[in-house]
Amino acid sequence: MGDIVVHLHKNTDPPINTDIDSVTTLTVVPEPPAAPPVPLWVRSGRAIKTAVTHDNTRTAARAVARHSLYVAGGARIVGRRAWDGRTAARYERYLRTAEAAGNFEAAAEWEERGQRFREARHRRRMDLLHSPLDVAKGAGISVGMGIGGLVLLGIAMAVATKDASDVVTPLMAVIELINLMITIVQVVWGPALAIGPFLALLALWSVGAHQKAAPQWALPANARTGEGEPITPSIVVKALRDLGVPALRNAIKEMGDAGASMLGPIRIAGCGVEVDVTLPSGVATNEVQAKRRKLAENLTRHEHEVFITIPEAARTVRLWIADSGALDEPIGPSPLVTDETMTANYKTGKAPWGQDLRGDAAALSLYQRHLLVTGLSNQGKTASLRALALWLALDRSVQFWIADLKGIGDWAMFDGIAQVLIEGPSDDHVIQATEMVEEAVEEMNRRIEERRRDPGIVFQPLIVLVDEAQLAFMCPVVGDDKRPYGGSKATSRYFMAVRKIHNQGRAVDVLMWQGTQDPTDQNLPKLVREGAHTRASLVLGTESQARMALGDKAVDGGAAPHLLRQGLDKGTLVVASDGITIPAGQASITVRTHFIDDEPAAEVADRAKALRSGVATLRVIDRDEERDALADIAAVIGETPRLRTDEVLKRLHALDTAVYREWNNGRLKRLLEEHGEEPKKSHGVMVVRREDVARALANRDTDGSASAAE
């Protein structure tokens, strides 16, 4: 079949066949009529609407309205200040507020102050009746004395110059000065009258701008308070009335003052306000606590911006209401970073941990208090725990044994501060951490025995710190003695060691610090968490976890770490402890901790190392490595010129309990004698000298022999 050719051009020749049936009729379709022209007034209206609704126009209009309202608001504020200053309106206002709140003692005080103000004002008005005559007398006497003084001065000048005309020279000089002042006033008076109103408007604008005396819609975006409105008594009462508690709503409706008597004074408290609410009969405090989210929304706040606690007074809840968005602002660097001269005192000092919700510094005493910090993963647990340890490291009398079971270098800066540092997440590292805590128990027992012999003896504080302690409680390894390392039974080695320190450690300053995440009964047993004197929790998932972390009393009193925002409230802790100042009647306090990053933390650690003299950090090695006992002795002595033999043995035990558990003075002496050295006495006490150990190592290397611990 041949190709079909399709012609793309139009054939203009007429068809050959003109048969009527073959003629194609062409229908001409007319062009659609043109749209009628849009009237000018319509086009103008559209243009005006576009211009009026444009963002730039709105911004400009908002700016004009804002600055105009600043002037009006400033005039209102200045007028009210003047009225309050000249009348007793201020005292009347405070009197009515106190009466509405049911605080009749404060009402009586304001009434007395108002009465004193009226009496003083009356005396001033009475004095005005006599003041014109007194002013006239005083002015006449002053003028006379002034003229007399000038004449006397002129006489003195005339005598000195022997020219009688100098008698009136001082008087004429004063007259010329007065004439000059009048001339200056005449020149300045006209411009001053013209500029004066503008200066007055500028002053009113300044007052209004400083007080932001304009509606929220007129303020710039960065100056608006967001959804939050200023907290007033009427707003609080309305929020409580609409809370959905029938007894509370009915009681407010029946009150003659519309519920104002329930409220105490609204006090500025940090980045928010605080008010005590005395609930009417028939309304329980837990009914209000259970409605936290609804109460916050009624106050035009987010849930995390309203905190409800239970003070000592009966049927009273304390509301702390944050300024909108204030809790999302950082609190600033730690004093540990900004103050390079800061030191610490374990017994009398307090660690600068952060700020409470009122904006006050939150400092924690660590003296003889076991510590537990818990929360969800990646919420700032290690950072908050490390900040306390960094502060305490500035007291060179404090010793640290640290096991970091995360093992990513969060505690690496304590190399040179801690006597023991274990880093790693494996079961072997958990075993080493367990043996470290067991060694701390032995140290505790040794101190208790010494205390029995000498009640006045004072021990250096020993902080036994285990970060990510949940790995220790969940460790599945069973030792050669058939005892599990993990678990919460009486046979669990880690659990029992921690319990023993909790029971008796504080008496001899052996303290247990633990950091753990996502607490459950399995990874944080009840007896261990209740053994901590200071319990702090970051954000948690459930209320039951909050009760595990802080205890029932704190949660029933308003502690709510489970209501913090995961990822947004990093470093915010709810703390239950007698080591921190907690408002009267509350069982806990919320603290926004200072964040110290790794680099500034290392700088603080360097300052702590400078206060200490040659601390040799023992890093526990893997169990299958062969120990070089002589090298281990050199490591535990470090830079110390000499060390008592019992101290050397204790450090060897901490280094590797399984290897050096059976070592004694005789074993140590035999090892040194093998290489031509031996312990010597210093002030009647057997010591091992660093130079002797160095010579023993040199002798061994020369002989080509090595001593390994069995």
Side-chain angles (χ1 to χ4, degrees), residues 344-349 351 364-373 385 388-389 391-405 411 414 417-422 432-467 469 472-473 492-516 525 527-535 577-579 612 615 617-618 620 636 644 646-655 657 660-661:
N345 189 300
Y346 163 73
K347 187 173 182 180
T348 61
L364 179 67
S365 172
L366 303 172
Y367 177 61
Q368 292 188 344
R369 289 178 175 89
H370 303 301
L371 178 65
L372 172 65
V373 178
L385 188 61
L388 297 176
W391 175 81
L392 196 55
L394 296 175
D395 183 344
R396 58 184 176 183
S397 69
V398 180
Q399 302 175 359
F400 289 91
W401 293 2
I402 298 175
D404 174 17
L405 298 183
W411 296 89
F414 277 80
I417 298 176
Q419 291 180 315
V420 179
L421 180 59
I422 301 168
Q432 295 162 7
T434 302
E435 293 174 348
M436 179 189 75
V437 178
E438 290 176 336
E439 179 63 23
V441 173
E442 294 183 12
E443 171 66 13
M444 176 189 72
N445 293 333
R446 183 187 66 80
R447 293 184 178 193
I448 292 174
E449 187 62 31
E450 290 189 20
R451 177 65 57 83
R452 289 196 186 100
R453 295 195 298 266
D454 181 7
I457 192 171
V458 177
F459 300 105
Q460 288 188 330
L462 172 59
I463 306 300
V464 184
L465 192 155
V466 180
D467 195 9
F473 287 111
S492 168
R493 293 179 59 174
Y494 181 81
F495 170 76
M496 290 305 297
V498 172
R499 285 291 300 142
K500 290 175 181 178
I501 295 177
H502 278 176
N503 289 338
Q504 295 179 291
R506 65 182 300 272
V508 288
D509 288 308
V510 176
L511 303 177
M512 191 75 209
W513 290 13
Q514 294 182 99
T516 182
L527 292 178
V528 168
R529 61 185 186 242
E530 292 184 350
H533 303 100
T534 295
R535 300 166 69 174
S577 172
D578 61 350
R612 299 165 182 260
V615 175
T617 297
L618 308 182
V620 183
V636 299
R644 293 188 309 175
D646 59 346
E647 181 66 21
V648 172
L649 291 172
K650 183 176 72 173
R651 294 188 180 188
L652 289 174
H653 292 171
L655 178 63
T657 305
Y660 294 111
R661 179 182 287 114

Gap separating the CD atom of Gln514 from the CG atom of Leu405, nearest 0.5 angstrom: 10.0 Å
Interatomic spacing from CZ in Phe400 to CG in Leu421 - rounded to 0.5 Å: 12.0 Å
Closest contact, heavy atoms only, Ala403 versus Ala433: CB-CB, 3.6 Å
Closest approach of Ile402 to Ala418 (non-hydrogen atoms, all atoms of both residues): CD1-CB, 4.0 Å
Closest non-hydrogen atom pair between Ala440 and Val464, with its separation: CB-CG2, 3.6 Å
For Lys500, all residues meeting salt bridge (charged side-chain N to carboxylate O under 4.0 Å, His left out), sequence neighbours excluded: none
Check: Ile501 and Val437 side chains under 4.5 Å, non-hydrogen atoms: yes
Partners passing side chain to side chain donor-acceptor pair (under 3.5 Å) against Arg451 (at least two apart in sequence or in another chain): none
Set of residues satisfying salt bridge (charged side-chain N to carboxylate O under 4.0 Å, His left out) with respect to Glu439, sequence neighbours excluded: none
Set of residues satisfying side chain to side chain donor-acceptor pair (under 3.5 Å) with respect to Asp578, sequence neighbours excluded: Arg369
Side chain to side chain donor-acceptor pair (under 3.5 Å) involving Glu647 - partner list, sequence neighbours excluded: Lys650, Arg651
Gap separating the CG atom of Leu371 from the CE atom of Met512, nearest 0.5 angstrom: 10.5 Å
Residues which pass ring-ring contact (aromatic ring centres under 6.0 Å, His included) with Phe459, listed by chain and number, not counting sequence neighbours: none
Minimal non-hydrogen separation, Arg612 against Leu392, with atom names: NH2-O, 4.3 Å
All salt bridge (charged side-chain N to carboxylate O under 4.0 Å, His left out) counterparts of Arg499, not counting sequence neighbours: none
Partners passing side-chain contact (heavy atoms from CB on, under 4.5 Å) against Ala351 (at least two apart in sequence or in another chain): Leu366, Leu388, Trp391
Arg452/Glu449 salt bridge by N-O under 4.0 Å criterion: yes
Value rounded to 0.5 Å, distance of CG in Leu465 from CH2 in Trp411: 4.5 Å
Straight-line distance of Ser365 OG to Asn345 CG, nearest 0.5 Å: 10.0 Å
Smallest separation among heavy atoms of Ala344 and Asp395, with atom names: O-CB, 3.6 Å
Any residue meeting ring-ring contact (aromatic ring centres under 6.0 Å, His included) with His370, in chain and number order, not counting sequence neighbours: His502, His533
ring-ring contact (aromatic ring centres under 6.0 Å, His included) against Tyr494, all qualifying residues, sequence neighbours excluded: Phe473
Distance-minimising heavy-atom pair for Asp509 and Arg447: O-NH1, 3.5 Å
Asn445: side chain to side chain donor-acceptor pair (under 3.5 Å) partners, not counting sequence neighbours: none
Euclidean distance, Leu372 CG relative to Thr534 OG1, rounded to 0.5 Å: 9.5 Å
Side-chain donor/acceptor of Tyr346 to backbone N/O of Arg396, under 3.5 Å: no
Non-hydrogen side-chain atoms of Arg446 and Glu450 separated by less than 4.5 Å: yes
Criterion side-chain contact (heavy atoms from CB on, under 4.5 Å) on Val466 and Met436, from CA distance to verdict: CA-CA 10 Å; Val466 180; Met436 179 189 75; 4.2 Å; yes
Sequence-distant partners of Asp467, salt bridge (charged side-chain N to carboxylate O under 4.0 Å, His left out), two or more places apart: Lys381
